[in-house]
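Here's the structure, in structure tokens; my notes come after.
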Amino acid sequence: MKLENGVPAPANRLKNFGVNLWAEFSSLAKEHKATNIGQGFPDFVVPDFLQEEVRKAVAIPSANWYTRAQGHPRLVKELAAEFSPLFNRSIDPMSEIVTGVGAYEVIYAAITAFINEGDEAVVIEPHFDCYAGDMDLSGGKLVRVPLRPTGDAKYAKNWTLDREEFEAAFSERTKMLITTTPHNPIGKIFTKEELEYIGSVCKKHNVIILSDEVYERVVFDDNEHVRIASLPGMWERCLTVGSAGKTFSVTGWKIGWALGPANLISQLQHVSSCSTFTAPTLLQEAVAGAFEYERSVAHTDDAYFKWLPAKLQQNCQMLSDAFSEIGCVPVWPDGGYFMIVDTANMGWDFSDLKTGRCYDVDCVKWLTREFKLATIPISVFYGNKNRHLAAKYIRVCCAKSDETIVRACQIIRSLKKQ
Ligand code: PMP
Ligand code: GLN
């Protein structure tokens, strides 16, 4: 056995792993005691109804024990009740849903369950980083197709796929397509027409669609969140991923789920049952209660799913105004937690953009160190080939408390005077 420094070498599947980007940028933010509009975690006070659900759950003896591995019965039943109308079908709670430790775990389970060494997954770029790590762990290859700004790049809507480029990414090795809508980091919500097109290409090549919809409740203006699995003929090949952390702004709860046909979901259940076995019962019970409560107040002024997008849109508008005032160009999102901002006017020299130098990383570190404002570069969501497309953009998170947003806007405005 090959030894490194006297201990066995790590498995080859870890060869591309280095410092995790969240660890890197979050510790930089902490080190400089920065106002953090970088990492996507809401820092609001947890609303009373959620606190109450945790109190109620802990008083139930069995909610403190192991639960059913594939998903806590009360939660999968609640999820089926919540999502059946949204997919226009009757979802079977026991065979068509799996829960896990956050969306992270169900994405890992989906990729592990279907990707063999040498298989390919097409992903729309930029993309959430864990898709790449999970593909490495499975020995698969990610084939990236970038969203390109067409028309006015100031609107996330106008970042679209080049259809020729998209179709060229598929081959007989392609087993999966990974999509994110609402998108992290661009903030685009794919339209029905775009999803119909994407679905038709996937059908033609007979690939599974892993649709990451963790930001489904955060939809701005008059946009509509369309679930690709709800389109005709799509349910059979789709795994739709959700997150209680994002749905109820409690990212530390780490409860996620995937919905899909029983023959796909059962494979994820195999992976989960030997990795985590169950997600925490207590929090699955509390999330079930939260959905039940939310349905009881749906369409009233108490509805959390009404408050959340309105609040985040307001926050986005405040950050957008502040960045615009200093000459940066925000890209207005259709929804989700994030907005990207073109920092070209911050005074960088972009003449060697094609060399692959990531100004966004320099910019983010400079803002954190010198101005105590933490953001996230967006080149970290690209592979090497297309990274230059992102070099001018940074990502900000709108899911933050009033105090954080007001402070961030003050710092941004102060940059003009520097
Ligand atoms: N997908 C996307 C697009 C994300 O931004 C995140 C981060 N929350 C996740 C999945 C993981 O979600 P969770 O916190 O529920 O594991
Ligand atoms: N999904 C969140 C983001 O994009 C946080 C991810 C993480 O902290 N690991 O910011």
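Starting from 1, each residue takes its place in the sequence as its number. Whatever order the structure lists them in is the order used to number ligands and atoms, beginning at 1.
For Y104 and F128, the ring centers are positioned less than 6.0 Å apart. Ring-centre distance between W307 and F49: not below the 6.0 Å cut-off. Aromatic rings from Y215 and F338 are positioned such that their centres are separated by under 6.0 Å. Taking the six-membered ring for Trp and the full ring otherwise, the centers of F248 and F305 sit less than 6.0 Å from each other.
The two atoms that bring V214 and G242 nearest to each other are CG1-C, 4.1 Å, heavy atoms only. Closest approach of E216 to T247, counting heavy atoms only: OE2-OG1, 4.4 Å.
Contact annotation for E105 and ligand 1: no heavy atom of the residue comes within less than 4.0 Å of the ligand. At a heavy-atom cutoff of 4.0 Å, ligand 2 is contacted by no atom of F381, backbone or side chain. Contact annotation for F338 and ligand 2: only side-chain heavy atoms (C-beta onward) come within less than 4.0 Å of the ligand. Counting heavy atoms closer than 4.0 Å to ligand 2, residue F128 contributes side-chain atoms (C-beta onward) but none from N, CA, C or O.
With hydrogens and angles left out, the side-chain atoms of E194 and T160 include no donor and acceptor closer than 3.5 Å. Checking T99 against Q284 by side-chain atom types alone, a donor-acceptor pair falls below 3.5 Å.
Looking at atom 2 (C) of ligand 1, its nearest protein heavy atom turns out to be D212 OD2, 3.3 Å. Among protein heavy atoms, the minimum distance from atom 6 (C) of ligand 2 is reached at W22 CE2, 3.6 Å. Looking from atom 9 (C) of ligand 1 to the surrounding protein, the closest heavy atom is F128 CE2, 3.5 Å. When hydrogens are left out, the protein atom nearest atom 11 (C) of ligand 1 is Y104 CD1, 3.5 Å; that is the closest non-hydrogen contact. Atom 5 (O) of ligand 1 has as its closest protein heavy atom Y215 OH, 2.5 Å. In terms of protein heavy-atom proximity, atom 8 (N) of ligand 1 is nearest to K246 CE, 2.5 Å. The protein heavy atom nearest to atom 13 (P) of ligand 1 is A103 N, 3.4 Å.
Those atoms of ligand 1 that come under 4.0 Å of a heavy atom in S243, given as number and element, are 13 (P), 15 (O). For ligand 1 and T180, the ligand atoms under 4.0 Å from any heavy atom of the residue are 3 (C). The ligand atoms of ligand 2 that sit less than 4.0 angstrom from a heavy atom of N184 are 4 (O). Under a 4.0 Å criterion applied to the non-hydrogen atoms of Q39, ligand 2 contributes the atoms 7 (C), 8 (O), 10 (O). Atom numbering of ligand 2 starts at 1 in the shown order; those under 4.0 Å from a heavy atom of Y215 are 1 (N). In the vicinity of K246, heavy-atom distances shorter than 4.0 Å reach the ligand 2 atoms 1 (N), 2 (C). Set against the non-hydrogen atoms of Y104, the atoms of ligand 2 under 4.0 Å away are 6 (C), 7 (C), 9 (N).
Figure legend: K400 and F41 shown as a cation-pi pair, the cationic atom lying under 6.0 angstrom from the six-membered ring centre and within 45 degrees of its axis. The cationic atom of K188 (NZ for Lys, CZ for Arg) lies less than 6.0 Å from the six-membered ring centre of F190 and within 45° of the ring axis.
Residue T251 places no heavy atom under 4.0 Å from ligand 1. Using a 4.0 angstrom heavy-atom cutoff, Y337 does not count as in contact with ligand 1.
The backbone N or O of L389 sits nowhere less than 3.5 Å from a side-chain atom of N386 that would complete a donor-acceptor pair. Using modelled atom types, one side-chain atom of N158 and one backbone atom of D152 make a donor-acceptor pair closer than 3.5 Å.
Polar contact with ligand 2: present for G40 (N/O pair, distance under 3.5 Å). Between N184 and ligand 1, at least one pair of N/O atoms sits closer than 3.5 Å.
The aromatic rings of F291 and F83 stand perpendicular to each other, their planes meeting at an angle above 60°, with 30° marking the opposite boundary.
Summarising the contacts of atom 14 (O) of ligand 1 with H127, K254, Q39, the nearest heavy atom is found in K254.
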(request) Output, in order, the C-alpha distance, side-chain angles, deciding distance and verdict of salt bridge (charged side-chain N to carboxylate O under 4.0 Å, His left out) for E82 and R217. (result) CA-CA 13 Å; E82 177 71 23; R217 303 291 169 175; 3.1 Å; yes
